[in-house]
S.K.: 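My structure is below; once you've seen it, I'll send some questions.
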Amino acid sequence: MRALHLGALIALLAALPSSVHAQAERRAPDRVQAARAAIHPVSSASEMRSWLARVPRTVDYPPDFEAALKGQGSAFMIEMSTASGCLPCGDLWSKLLALKTRYGLTVRPIGREEAMLRSGRLGLPWIGHPVAWLRPVSEEARILPIAIGTDHPVNLARNIYLGLKMQTGVRAAVGVRAMAKFTGIVGTPAPSHTISKAKD
């Protein structure tokens, strides 16, 4: 009797982990849901300011921050995807231009197709504009995302610094852990041409 009871208990315990695991899997959001949760599409300046107000600002910088940006910034290029009528794109562009003036960085826009191609190469979900990338001026393939959505200037400067460090020898895992979380504050998607034609 005791052996039967023990056998039944072992069988029950063996069954528990798989059922608990299955329940956890059902509750866990998939990658698409997680990506959507990280996106904050905005269609007005007040919406954009409201989301930015929730983003923590960087307050501490490493001792070599200024020297690294001023000394190495000219060897790197920041490329930013953009779209017409995208408020966060204009916001990010103006902040990057201010950082360009201060640190001698090179900044240029890139098209949607190129931005989507880069996201695909790195396995990033395409969430919209803007996305900012850092790469060496002489090497187009060594791209690194430093902003997805607009952000505070202090966070952008910190991410540029960390991007420079990662591109010049700091272990990628260390840089990624230190980099600010991307805000996901992007422009609302443009209406589909097929929808507008259907309405006509």
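Below, all heavy atoms of this structure are taken into account, side chains as well, without hydrogens, waters or symmetry copies.
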S.K.: Can I get a per-line list of side-chain donor-acceptor pairs under 3.5 Å for residues 66-75, giving both atom names and the distance, sequence neighbours left out?
M.R.:
{"unit_1": "Glu66", "atom_1": "OE2", "unit_2": "Arg102", "atom_2": "NH2", "d": "2.9"}
{"unit_1": "Glu66", "atom_1": "OE2", "unit_2": "Tyr103", "atom_2": "OH", "d": "3.2"}

S.K.: May I ask you to test the Leu99-Ile78 pair for a side-chain heavy-atom distance under 4.5 Å?
M.R.: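 No, too far: nothing below the 4.5 Å cut-off.
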S.K.: Honestly curious: do Leu117 and Met80 fall in one hydrophobic cluster under the side-chain, below-4.5 Å linking rule?
M.R.: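 Result: no, two separate clusters.
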S.K.: What is the minimum heavy-atom distance between Cys89 and Ala83, and which atoms define it?
M.R.: SG-N, 3.8 Å
S.K.: To the nearest 0.5 Å, tell me how far Phe65 CZ sits from Ile160 CD1.
M.R.: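 Reported to 0.5 Å precision, the distance equals 8.0 Å.
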S.K.: I would like to know whether Val42 and Trp51 meet side-chain contact (heavy atoms from CB on, under 4.5 Å); could you show each step before the answer?
M.R.: CA-CA 9 Å; Val42 296; Trp51 276 109; 3.6 Å; yes
S.K.: Which heavy atom of Val131 sits nearest to which heavy atom of Ile148, and what is that distance?
M.R.: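 Shortest heavy-atom contact: CG1-CG1, 4.3 Å.
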S.K.: Would you call Lys165 and Asp64 a salt bridge, using N to O less than 4.0 angstrom?
M.R.: yes
S.K.: Grouping I, L, V, M, F, W and Y whenever their side-chain heavy atoms are under 4.5 Å apart, do Leu97 and Leu92 come out in a common cluster?
M.R.: yes
S.K.: Looking at every heavy atom in both Pro145 and Phe182, which two are closest together, and how far apart are they?
M.R.: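 Nearest pair, atom of Pro145 first, then Phe182: O-CZ, 3.6 Å.
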S.K.: With a 4.5 Å cut-off on side-chain heavy atoms, are Pro56 and His152 touching?
M.R.: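 Not in contact.
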S.K.: Indicate yes or no: at least one non-hydrogen side-chain atom of Ile185 is less than 4.5 angstrom from one of Arg54.
M.R.: no
S.K.: Going by side-chain contact (heavy atoms from CB on, under 4.5 Å), Thr58 matches just one of Leu156, Asn155, Asn159. Which one?
M.R.: Asn155
S.K.: Where do Leu144 and Gly163 come nearest, in terms of heavy atoms and distance?
M.R.: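 In this case the closest contact between Leu144 and Gly163 is CD2-CA, 3.5 Å.
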S.K.: Indicate, with yes or no, if Met77 and Val107 share a hydrophobic cluster defined by side-chain heavy-atom contacts under 4.5 Å among Ile, Leu, Val, Met, Phe, Trp and Tyr.
M.R.: no
S.K.: Using side-chain heavy atoms (C-beta onward) and a distance below 4.5 Å, is Phe76 in contact with Leu164?
M.R.: yes
S.K.: Taking all non-hydrogen atoms of both residues into account, name the closest pair between Pro136 and Arg142 and its distance.
M.R.: CD-O, 3.4 Å
S.K.: To check you understand the geometry: which heavy-atom pair defines the closest contact between Val154 and Arg57, and what is its length?
M.R.: CG2-CB, 3.8 Å
S.K.: Backbone N or O of Val137 within a donor-acceptor pair of the Arg135 side chain at under 3.5 Å?
M.R.: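 The answer is yes, because a donor-acceptor pair under 3.5 Å joins these two groups.
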S.K.: In the single-linkage hydrophobic clustering (I, L, V, M, F, W, Y; side-chain heavy atoms under 4.5 Å), do Ile146 and Tyr61 co-cluster?
M.R.: yes
S.K.: Distance-only, no hydrogens or angles: does the Glu47 side chain make a donor-acceptor pair with backbone N or O of Ser44 under 3.5 Å?
M.R.: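 Side chain of Glu47 to backbone of Ser44, a donor-acceptor pair under 3.5 Å: yes, one is there.
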S.K.: How long is the straight-line distance from OG1 of Thr106 back to CG of Leu96, given to the nearest 0.5 Å?
M.R.: 12.0 Å
S.K.: Can you find a pair of side-chain heavy atoms, one from Ile110 and one from Arg118, that are under 4.5 Å apart?
M.R.: yes
S.K.: Heavy atoms, side chains only, cut-off 4.5 Å: are Thr183 and His40 in contact?
M.R.: no
S.K.: Are Ser43 and Pro41 side-chain neighbours, meaning at least one heavy-atom pair lies under 4.5 Å?
M.R.: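 Counting from C-beta outward, Ser43 and Pro41 never come under 4.5 Å.
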